[in-house]
Undergrad: 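Sharing a structure here in structure tokens format.
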Amino acid sequence: MNSKNLPLTLVRGKQLYHLIYKRKVKDIQEFTQVPQAFRNELEEAGWKVGRSPVFNTVVAADGTVKLLLKLEDNRLIETVGIPVEDDKGSVRLTACVSSQVGCPLRCSFCATGKGGFSRNLRSHEIVEQVLAIEDVFKRRVTNVVFMGMGEPMLNLKAVLEAHRCLNKDVQIGQRMMTISTVGVPNTIKKLATHKLQSTLAVSLHAPNQKLRETIVPSAKSYPLDALMSDCKEYFRETNRRVSFEYALLAGINDSVDNAVELAKLLREYGSGYHVNLIPFNPIEGSEFRRPYRKAIQAFVSALESSKITTSVRQTRGLDANAACGQLRNNFTKTPLVTESDNLESESPNMDLAVTV
């Protein structure tokens, strides 16, 4: 690069950054702060900005919005916007984002797994989900959870790139983001090296290896003892508390004995853990049932009596197919594309993102 052109290059970079991340402009020809010739050069070079179009929208009675986005290769992904108003009247807007098109892990209670797996998402396809939620709600997203379709740890490079962009460029605090995983060997150790301030949420769903294997098939390749050891090491490395997600399935893993066993497991591998209980959201064709409120409360009481910090996730958007994967599966019973699952764009992907 000619050193004489460097100041102009920096100016252009700052202009593009402002247009993309501050003004949220969606078309290069709308970059009116830069010369027309420069806009034409960007387009001729193959650069592009914008959003994947919204293929379908469902709004629940509680204000939760689920979007089905149509990607360049016609595949569909879900993202969910969840507004929550606190006692003081301020609204927290959480974006629940997908990291894959479908999911290969096929957890027995999950609608996404039943829909199969196509490919990993690219980092910009993750970031644009947050921007799409902001477009719908006309307000900033305050929290991001990587808990949508897919296993984030199987797409860790793109997830970390998206995490960085959301933090540095979209300006969402790291402590306002959560990365979820059902457990993939060696990835928790790798994540720990990045020393993020975000929360790690591990989908546990069972207090012992035998039961976990019936709920989470991938548990066979990542034994519970190994997973818990990695979580203990993660806390030592990052000083960040691990949160454990536990889907309550009536008659399967929701007994008081299960709760006592779970508390014993957590105490064995450290202290300060938090358990987030998720009463099962019914999905079409599933043999599982949602526990009665009395069973949920008994489970909570058993954990709290063992000094385990516990919360019960509030059910949101249940009337809008908001269980992960439900909405997409309605449309992918007859797939939109007939090409191979490995379909990729013939030309390099050159979506415009600027870091100054």
Undergrad: Any Lys/Arg nitrogen of Glu161 or Lys157 sitting under 4.0 Å from an Asp/Glu carboxylate oxygen of the other?
TA: yes

Undergrad: Any chance the side chains of Thr310 and His274 put a donor and an acceptor closer than 3.5 Å?
TA: no

Undergrad: Check this for me: does any side-chain nitrogen of one of Lys26 and Asp135 sit under 4.0 Å from a carboxylate oxygen of the other?
TA: yes

Undergrad: Which heavy atom in Ser221 sits nearest to a heavy atom in Pro185, and how many Å separate them?
TA: O-CG, 3.7 Å

Undergrad: Can you find a heavy atom in the side chain of Glu237 that is under 4.5 Å from one in the side chain of Lys189?
TA: no

Undergrad: Can you tell which of Arg139, Lys24, Arg51 makes a salt bridge (charged side-chain N to carboxylate O under 4.0 Å, His left out) with Glu134?
TA: Lys24

Undergrad: For the CZ atom of Arg92 and the CG atom of Asn143, what is their distance to the nearest 0.5 Å?
TA: 5.5 Å

Undergrad: Quick check: are there more than 12 heavy atoms from other residues, nucleotides or ligands sitting under 6.0 Å from CZ of Arg267?
TA: yes

Undergrad: Check the pair Ser311 / Asn276 against side-chain hydrogen bond (donor to acceptor under 3.5 Å, both in side chains), numbers first and verdict last.
TA: CA-CA 5 Å; Ser311 59; Asn276 186 21; 3.2 Å; yes

Undergrad: In this structure, which one of His124, Glu128, Arg75 forms a side chain to side chain donor-acceptor pair (under 3.5 Å) with Ser52?
TA: Glu128

Undergrad: Treating Gln100 as the side-chain partner and Glu151 as the backbone partner, does any N or O pair qualify as donor plus acceptor under 3.5 Å?
TA: yes

Undergrad: For the residue pair Leu93 and Ile82, establish whether any side-chain heavy-atom pair is separated by less than 4.5 Å.
TA: no

Undergrad: Is Tyr269 linked to Val242 within one hydrophobic cluster, defined over Ile, Leu, Val, Met, Phe, Trp and Tyr using a side-chain heavy-atom separation of less than 4.5 Å?
TA: yes

Undergrad: Roughly how far apart are Thr178 OG1 and Leu196 CG, rounded to 0.5 Å?
TA: 11.5 Å

Undergrad: Under a 4.0 Å N-O cut-off, is there an ion pair linking Glu125 with Arg122?
TA: yes

Undergrad: Between Ser218 and Leu105, which heavy-atom pair has the shortest distance, and what is it?
TA: CB-CD2, 4.0 Å

Undergrad: Does atom CZ of Phe38 have more than 12 heavy-atom neighbours from other groups under 6.0 Å away?
TA: yes

Undergrad: Before giving the answer on side-chain hydrogen bond (donor to acceptor under 3.5 Å, both in side chains), spell out for Gln174 and Lys168 the whole-Å C-alpha distance, their side-chain angles and the decisive distance to 0.1 Å.
TA: CA-CA 9 Å; Gln174 286 197 20; Lys168 300 294 186 181; over 6 Å; no

Undergrad: So which heavy atom on Ala263 is nearest to which on Ile308, and how close?
TA: CB-CG1, 3.9 Å

Undergrad: Among Met149, Gln129, Glu78, exactly one meets side chain to side chain contact (heavy atoms under 4.5 Å, CB included) together with Val97. Which residue is that?
TA: Gln129

Undergrad: Kindly give the heavy-atom pair with the smallest separation between Ala192 and Tyr234, and that separation in Å.
TA: CB-CD1, 3.6 Å

Undergrad: Report the distance from atom NZ of Lys14 to atom CG of Leu10, rounding to the nearest 0.5 Å.
TA: 6.5 Å

Undergrad: Tell me whether Leu262 shares a hydrophobic cluster with Val312, the cluster being built from Ile, Leu, Val, Met, Phe, Trp, Tyr side chains joined at under 4.5 Å.
TA: yes

Undergrad: Might you point out which heavy atoms bring Pro207 and Leu265 nearest each other, and give the distance in Å?
TA: O-CD2, 3.8 Å

Undergrad: For Lys220, I'd like to know if atom NZ has over 12 heavy atoms of other residues, nucleotides or ligands within 6.0 Å.
TA: no

Undergrad: I'd like to know if the side chain of Arg140 and the backbone of Gln171 have a donor-acceptor N/O pair within less than 3.5 Å.
TA: yes

Undergrad: Rounded at 0.5 Å granularity, tell me how far CG in Leu211 sits from CG in Asn258.
TA: 6.5 Å

Undergrad: Return yes if some donor-acceptor pair links the side-chain N/O of Arg240 with the main-chain N/O of Gln197 below 3.5 Å, else return no.
TA: yes

Undergrad: Are any of the side-chain heavy atoms of Cys165 and Ser123 separated by less than 4.5 Å?
TA: no

Undergrad: Ion pair present between Glu233 and Arg236, side-chain N to carboxylate O less than 4.0 angstrom?
TA: yes

Undergrad: Assess whether a salt bridge exists between Arg313 and Glu245, defined as any Lys/Arg side-chain N lying under 4.0 Å from an Asp/Glu carboxylate O.
TA: yes

Undergrad: Is it true that Thr64 and Asp62 share a donor-acceptor pair across their side chains at a distance under 3.5 Å?
TA: yes

Undergrad: Are Leu200 and Arg241 side-chain neighbours, meaning at least one heavy-atom pair lies under 4.5 Å?
TA: no

Undergrad: Can you confirm whether Leu154 sits close enough to Thr181 that some side-chain heavy atom of one is under 4.5 Å from a side-chain heavy atom of the other?
TA: no

Undergrad: I'd like to know whether Gln36 forms a side-chain hydrogen bond (donor to acceptor under 3.5 Å, both in side chains) with Gln29, so could you lay out the CA-CA distance, the side-chain angles of the two residues, the decisive distance to 0.1 Å, and finally the verdict.
TA: CA-CA 8 Å; Gln36 180 69 55; Gln29 288 303 326; 2.7 Å; yes

Undergrad: Report the C-alpha distance between Ile77 and Leu68 in whole Å, list the side-chain angles of each, state the deciding distance to 0.1 Å, and finish with yes or no for side chain to side chain contact (heavy atoms under 4.5 Å, CB included).
TA: CA-CA 6 Å; Ile77 57 168; Leu68 204 57; over 6 Å; no

Undergrad: Can you get from Val25 to Ile133 by hopping between Ile, Leu, Val, Met, Phe, Trp and Tyr side chains that sit under 4.5 Å apart?
TA: yes

Undergrad: CE/Met153 to CZ/Phe146 distance, rounded to the nearest 0.5 angstrom?
TA: 11.0 Å

Undergrad: Using a strict cut-off of less than 4.0 Å between a Lys/Arg side-chain nitrogen and an Asp/Glu carboxylate oxygen, indicate whether Lys48 and Glu72 qualify as a salt bridge.
TA: yes

Undergrad: Could you go through Leu121 and Ser98, starting from their C-alpha distance and side-chain angles, then the distance that decides it, and tell me whether this counts as side chain to side chain contact (heavy atoms under 4.5 Å, CB included)?
TA: CA-CA 8 Å; Leu121 292 180; Ser98 298; 4.2 Å; yes

Undergrad: Rounded to the nearest 0.5 Å, how far apart are OG1 of Thr32 and CG of Leu19?
TA: 7.0 Å

Undergrad: If only atom types and distance count, is the side chain of Gln209 paired as donor or acceptor with the main-chain N or O of Leu224 below 3.5 Å?
TA: yes

Undergrad: Verify the ring-centre separation between Tyr246 and Phe299: is it less than 6.0 angstrom?
TA: yes

Undergrad: Can you tell me if Asn40 has over 12 outside heavy atoms packed within less than 6.0 Å of its CG?
TA: yes

Undergrad: Does Tyr273 share a hydrophobic cluster with Ile278, counting links as ILVMFWY side-chain heavy atoms below 4.5 Å and allowing steps through other members?
TA: no

Undergrad: Please check this pair: side chain of Arg290 against backbone of Phe280, looking for a donor-acceptor N/O pair closer than 3.5 Å.
TA: yes

Undergrad: Look at the side chain of Asn155 and the backbone N and O of Pro152, then say whether any donor-acceptor pair between them is shorter than 3.5 Å.
TA: no

Undergrad: Using only atom types and a distance under 3.5 Å, with no angle test, would you say the side chain of Asn253 pairs donor to acceptor with the backbone of Leu249?
TA: yes

Undergrad: Could you report the tightest heavy-atom contact between Val256 and Ala298, atom names first, then the distance?
TA: CG2-CB, 3.9 Å

Undergrad: Run the numbers on Met176 and Thr142 for side chain to side chain contact (heavy atoms under 4.5 Å, CB included), then give the verdict.
TA: CA-CA 7 Å; Met176 299 297 104; Thr142 59; 5.8 Å; no

Undergrad: Using a 4.5 Å cut-off on heavy atoms from C-beta on, say whether the side chain of Leu42 contacts that of Leu16.
TA: yes

Undergrad: Can you check whether Tyr222 reaches Val182 side chain to side chain, under 4.5 Å on heavy atoms?
TA: no

Undergrad: Using the side chain to side chain contact (heavy atoms under 4.5 Å, CB included) rule, take Val54 and Asn56 through it: C-alpha gap first, then chi angles, then the decisive distance, then the call.
TA: CA-CA 6 Å; Val54 176; Asn56 191 270; 5.9 Å; no

Undergrad: Using a 4.5 Å cut-off on heavy atoms from C-beta on, say whether the side chain of Thr94 contacts that of Val145.
TA: yes

